[in-house]
Amino acid sequence: MLALAAEAGATLGKAHRLVAARVRPVYGLDERQPASTTLALGRGSCSQRLAVLEAVARAGGIPTRVRGLLVDGRFWHPRFPRLRPLIPARVVLAWPEFRTEGRWVPVSEIFGDLGSLCDGGAFTNDGGETLFDAVARTAIDWDGATCSTCDLSGHVLADLGYFDARDDLFAAYGQTVCSVVAAGAGVMVRVRGR
């Protein structure tokens, strides 16, 4: 992590691009997988890749926290049509934030404010692009504060608040997989289109 943090410098955007280049997207089941394991494997789920970005930021001296969101499981149906029966009705999402320039910046704003990113087109969650990848080109708006095409607030069932670490969120609310799938944790499925 220190080497990646040094390579990225203090730039979260550059750190994001490095993680995107070194960790390919897959559907993963273990939300508590250590960031070092994800980096060593060179593959990880959207959440696991976000965890690597958080670890790189912390290694570079940037404090992190996560916002817990309870998201309607149907949000992931377009991306994983064959896995629909395994997607829980409610998914706990750890959305990272970074303390920089005296304020908390959500991962969705490391490439610019949400208003300016709306021009990047909507994130449809269909195809190979993950939330991790999408933040580099478009607004990921969980609060309904931007244009209607980037507004994902309709998928949010509850705001679970802020946590010092994603592990604290998952300890309080569980992971993002249902109990049937949790028994097979560690199994990875390649994301369509990658």
Side-chain angles (χ1 to χ4, degrees), residues 19-20 22-54 66-96 106-108 120-144 148-163 165-194:
V19 173
R22 295 183 183 178
V23 183
R24 69 180 169 86
V26 295
Y27 182 69
L29 302 175
D30 184 4
E31 296 300 326
R32 293 185 179 182
Q33 176 172 289
S36 59
T37 300
T38 302
L39 191 57
L41 291 171
R43 66 179 188 264
S45 70
C46 181
S47 182
Q48 291 165 344
R49 294 166 82 205
L50 287 168
V52 172
L53 180 60
E54 291 170 62
V66 297
R67 178 182 179 195
L69 298 169
L70 189 62
V71 178
D72 187 330
R74 291 177 291 189
F75 176 69
W76 281 272
H77 286 183
R79 164 147 326 124
F80 305 112
R82 292 185 197 134
L83 299 177
R84 280 184 186 176
L86 301 177
I87 298 172
R90 292 174 295 280
V91 176
V92 176
L93 178 67
W95 198 245
V107 67
S108 47
F123 174 71
T124 62
N125 208 12
D126 186 11
E129 184 179 54
T130 68
L131 284 168
F132 178 89
D133 298 316
V135 299
R137 69 158 188 89
T138 190
I140 303 297
D141 178 10
W142 297 111
D143 296 306
S148 61
T149 59
C150 296
D151 179 3
L152 300 177
S153 64
H155 301 285
V156 177
L157 302 173
D159 187 330
L160 304 175
Y162 293 94
F163 296 81
R166 66 184 39 245
D167 287 344
D168 297 339
L169 168 65
F170 296 139
Y173 291 99
Q175 293 187 33
T176 61
V177 296
C178 62
S179 58
V180 173
V181 176
V187 175
M188 300 278 210
V189 178
R190 192 160 186 218
V191 175
R192 244 184 12 198
R194 295 290 174 137

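- In terms of heavy atoms, Ala20 sits closest to Arg49 at CA-NH2, 3.5 Å.
- Between Val66 and Glu54, the closest side-chain pair of non-hydrogen atoms falls below 4.5 Å.
- Side-chain contact between Cys150 and Thr138: present, with at least one pair of heavy atoms (C-beta onward) separated by less than 4.5 Å.
- Contact annotation: the side chain of Val156 never approaches that of Leu70 to less than 4.5 Å [non-hydrogen atoms, C-beta and beyond].
- The side chain to side chain donor-acceptor pair (under 3.5 Å) check on Asp167 picks up nothing, with sequence neighbours excluded.
- Residues Val71 and Leu157 form no side-chain contact, since every pair of their non-hydrogen atoms from C-beta on lies 4.5 Å or further apart.
- For the residue pair Gln33 and Thr38, the shortest heavy atom distance occurs at NE2-OG1, 2.6 Å.
- Side-chain contact check for Val135 versus Leu131: every heavy-atom pair is 4.5 Å or farther apart.
- Two residues are said to be in side-chain contact when any heavy atoms from C-beta on lie closer than 4.5 Å; Val52 and Arg22 fail this criterion.
- Shown here for Pro85 and Arg82, the closest heavy-atom pair between the two residues is CD-O, 3.9 Å.
- Scanning all heavy atoms of the two residues, the minimum distance from Arg137 to Ala122 falls at NH2-O, 3.1 Å.
- Taking the ring pair (Phe, Tyr, Trp, His ring centres under 6.0 Å) definition, one finds that Trp142 meets it with Phe75, Trp95, sequence neighbours left out.
- With sequence neighbours left out, the ring pair (Phe, Tyr, Trp, His ring centres under 6.0 Å) criterion links Phe163 to no other residue.
- Around the CZ atom of Arg74, the shell of radius 6.0 Å holds no more than 12 heavy atoms that belong to other residues, nucleotides or ligands.
- Side-chain atoms of Asp133 and Thr130 include a donor-acceptor pair closer than 3.5 Å.
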